[in-house]
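To start, the structure itself, in structure tokens.
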Amino acid sequence: MFAMLLALAAASETPPPDSANVALGADRHARMTVPVRIAGSEAFPFVIDTGAERTVISRQLADRLGLAQGPVRNLVTVTGAGKVNTVLVPSLELSGSKVKEIEAPALDQAHIGASGMLGIDSLQTRRVLLDFKKNEMKVVPSRYAGDTDPDTIVVTARSKYGQLILVDSRFLGEKVQVIIDTGAQTSIGNLALLKRITQRKKAPVTRTVTVTSVTGQTLEAQFAQIERIQIGGVDMNNIPVAFTDAEPFKRFGLANKPALLLGMDALRLFERVSVDFANKQVRFIMPDGASLTGRTLMAAR
């Protein structure tokens, strides 16, 4: 399982652009959550993490609900792998559906930044909708009739370990593997992508940052901006990226291929994004004032 929530903190005296800490976990007021009930409990706010294989619950909530301990499991996060304690969740209810009897890693809420995170084990027959105009996130059935905007860009994906890897993504005219990662505030690129940039263009100006995972483990990365990446024919410019050989790239067999975990700051360039796991599609809705004939989105410098 990957927990793709991350923090970026300066490893030197010079912070990365905009903030020394751009983690969703540390920016709770800006997070979009969905209400989740555990075994009929009151609703608690959970973050949806499309970059995580399994659902995570905070240790504090597990103690509050008196959940039984589960076995110790190996957990793969953005910073590496290690053993963690799990708890037994009898049932998990969200958006009118129920997921039964799961083993959920129990992690410190300070690192998660919410009561829990929904991984793709809870989403395989569902669709995740992110509406940045309304600043809300929700989970709906895959056959959802509310996403019929004429400016919808549909990008197909292939599935690996339940995760969706976008098919129609290019960088410098070549294919790049892109995974939608709603658990990360900032996108993460592997070193193969950074190497490709350096070979094809002038090396970008980078600064060293520290990536912190939901377990509190850290990993150094090089923070820079990608001048241009194309997804579904849409140009996305000046995307902030932390470059490092994160563990998920190895998990997907992408360590030596240019690959990118597309985080929330890049996704916010669109008005809406929906991730349809059942049909292996990601839908992007262009923002107001944009059109399908002028497909360029610019991130703020």
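All figures in this text were calculated on a predicted structure; none of them were measured in a lab.
The CG atom of L123 sits 6.0 Å away from atom CD1 of I48, with the distance rounded to the nearest 0.5 Å. Put simply, CG on L107 and CG on L75 are 6.5 Å apart, with the number rounded to the nearest 0.5 Å. Taking OG1 from T77 and CD from E247, the interatomic distance works out to 8.0 Å, rounded to the nearest 0.5 Å. Atom NE2 of H111 is separated from atom OG1 of T212 by 8.0 Å, given to the nearest 0.5 angstrom. If you take OG1 on T206 and CG on L194, they are separated by 7.0 Å, rounding to the nearest 0.5 Å. In this structure, OG on S122 lies 12.0 Å from CD on E93, to the nearest 0.5 angstrom.
Taking the side chain as every heavy atom from C-beta outward, D276 and V128 never approach each other to under 4.5 Å. Taking 4.5 Å as the limit, some side-chain heavy atom of L92 sits within range of a side-chain heavy atom of L118. At a threshold of 4.5 Å between non-hydrogen side-chain atoms, the residues V275 and R127 do not count as touching. At least one side-chain heavy atom of N135 sits under 4.5 Å from a side-chain heavy atom of R268. With contacts defined as side-chain heavy-atom distances shorter than 4.5 Å, the pair S274/V282 does not qualify. I188 places none of its side-chain heavy atoms less than 4.5 Å from the side chain of T186. The shortest side-chain heavy-atom distance between R283 and F270 does not fall under the 4.5 Å cut-off. Side chains of D181 and L262 form no contact here, defined as non-hydrogen atoms less than 4.5 Å apart.
For the pair S187 (side chain) and G263 (backbone), a donor-acceptor distance under 3.5 Å is present. Listed for the S115 side chain is no donor-acceptor partner under 3.5 Å among the backbone atoms of F46. Distance alone, capped at 3.5 Å, places no donor-acceptor pair between the R37 side chain and the G40 backbone. The backbone N or O of I180 lies less than 3.5 Å from a partner atom in the side chain of T50, making a donor-acceptor pair. Using a distance-only test at 3.5 Å, with no hydrogens or angles considered, a donor-acceptor pair links the side chain of R126 to the main chain of S95. Of the possible polar contacts, one joining the N190 side chain to the K257 backbone as a donor-acceptor pair under 3.5 Å is found. With hydrogens and angles disregarded, no donor-acceptor distance shorter than 3.5 Å links the side chain of E103 to the backbone of G70. Although no hydrogens or angles enter the test, the distance criterion places a donor-acceptor pair under 3.5 Å between the side chain of T86 and the main chain of P71. Remark: the backbone N or O of V211 is not paired with any side-chain donor or acceptor of T218 at under 3.5 angstrom. Judged purely by atom type and a 3.5 angstrom limit, D49 uses its side chain to pair as donor or acceptor with the backbone of G51.
The two residues F223 and P240 have their closest heavy-atom pair at CZ-CB, 3.8 Å. Closest approach of A224 and V205 over heavy atoms only: CB-O, 3.5 Å. When every heavy atom of M32 is checked against every heavy atom of D131, the shortest pair comes out as SD-O, 4.1 Å. Shown here for E220 and T244, the closest heavy-atom pair between the two residues is O-OG1, 3.0 Å. Considering all non-hydrogen atoms of both residues, V78 and A246 come closest at O-CB, 3.4 Å. Residues L65 and S41 approach most closely at CD2-CB, 4.1 Å, considering heavy atoms.
The number of heavy-atom neighbours closer than 6.0 Å to CD of Q124, taken from other residues, nucleotides and ligands shown, is above 12. When the shell of 6.0 Å around CD of E101 is examined, it contains 12 or fewer heavy atoms from other residues, nucleotides or ligands. Enclosure of atom NZ in K134 is not indicated, since only 12 or fewer non-hydrogen atoms of other residues, nucleotides or ligands lie within 6.0 angstrom. Heavy atoms of other residues, nucleotides or ligands lying less than 6.0 angstrom from CG of N279 number more than 12. For R170, the CZ atom sits in a packed shell: over 12 heavy atoms of surrounding residues, nucleotides or ligands are nearer than 6.0 Å.
L254 and V167 end up in different hydrophobic clusters when Ile, Leu, Val, Met, Phe, Trp and Tyr side chains are linked at under 4.5 Å.
For E271, there are no side chain to side chain donor-acceptor pair (under 3.5 Å) partners at least two apart in sequence or on another chain. For D121, the side chain to side chain donor-acceptor pair (under 3.5 Å) partners are T55, not counting sequence neighbours.
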Checklist entry - Does the pair I38 and V89 meet the rule for a side-chain contact (heavy atoms from CB on, under 4.5 Å), with working shown? => result CA-CA 7 Å; I38 306 295; V89 179; 3.9 Å; yes

Item to check | M236/I231 under side-chain contact (heavy atoms from CB on, under 4.5 Å): CA gap, chis, key distance, verdict | outcome: CA-CA 8 Å; M236 303 175 70; I231 297 177; 3.9 Å; yes

Next on the checklist: Under the criterion salt bridge (Lys or Arg N to Asp or Glu O under 4.0 Å), I'd like the reasoning laid out for E227 against K202: C-alpha separation, chi angles, the key distance, then a yes or no.
Outcome noted: CA-CA 11 Å; E227 184 176 320; K202 182 181 177 181; over 6 Å; no

Item to check | Residue pair F243, K195: steps toward the side-chain contact (heavy atoms from CB on, under 4.5 Å) verdict | outcome: CA-CA 10 Å; F243 292 97; K195 182 178 179 180; over 6 Å; no

Checklist entry - side-chain contact (heavy atoms from CB on, under 4.5 Å) between L61 and D63: does it pass, once the steps are laid out? => result CA-CA 5 Å; L61 179 56; D63 290 343; over 6 Å; no

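With no hydrogens or angles considered, a side-chain donor-acceptor pair links Q222 and T208 at under 3.5 Å. A side-chain donor-acceptor contact under 3.5 Å links D235 and Q230.
Relative to the six-membered ring of Y161, R251 meets both conditions, a distance below 6.0 Å and an angle of at most 45° to the axis.
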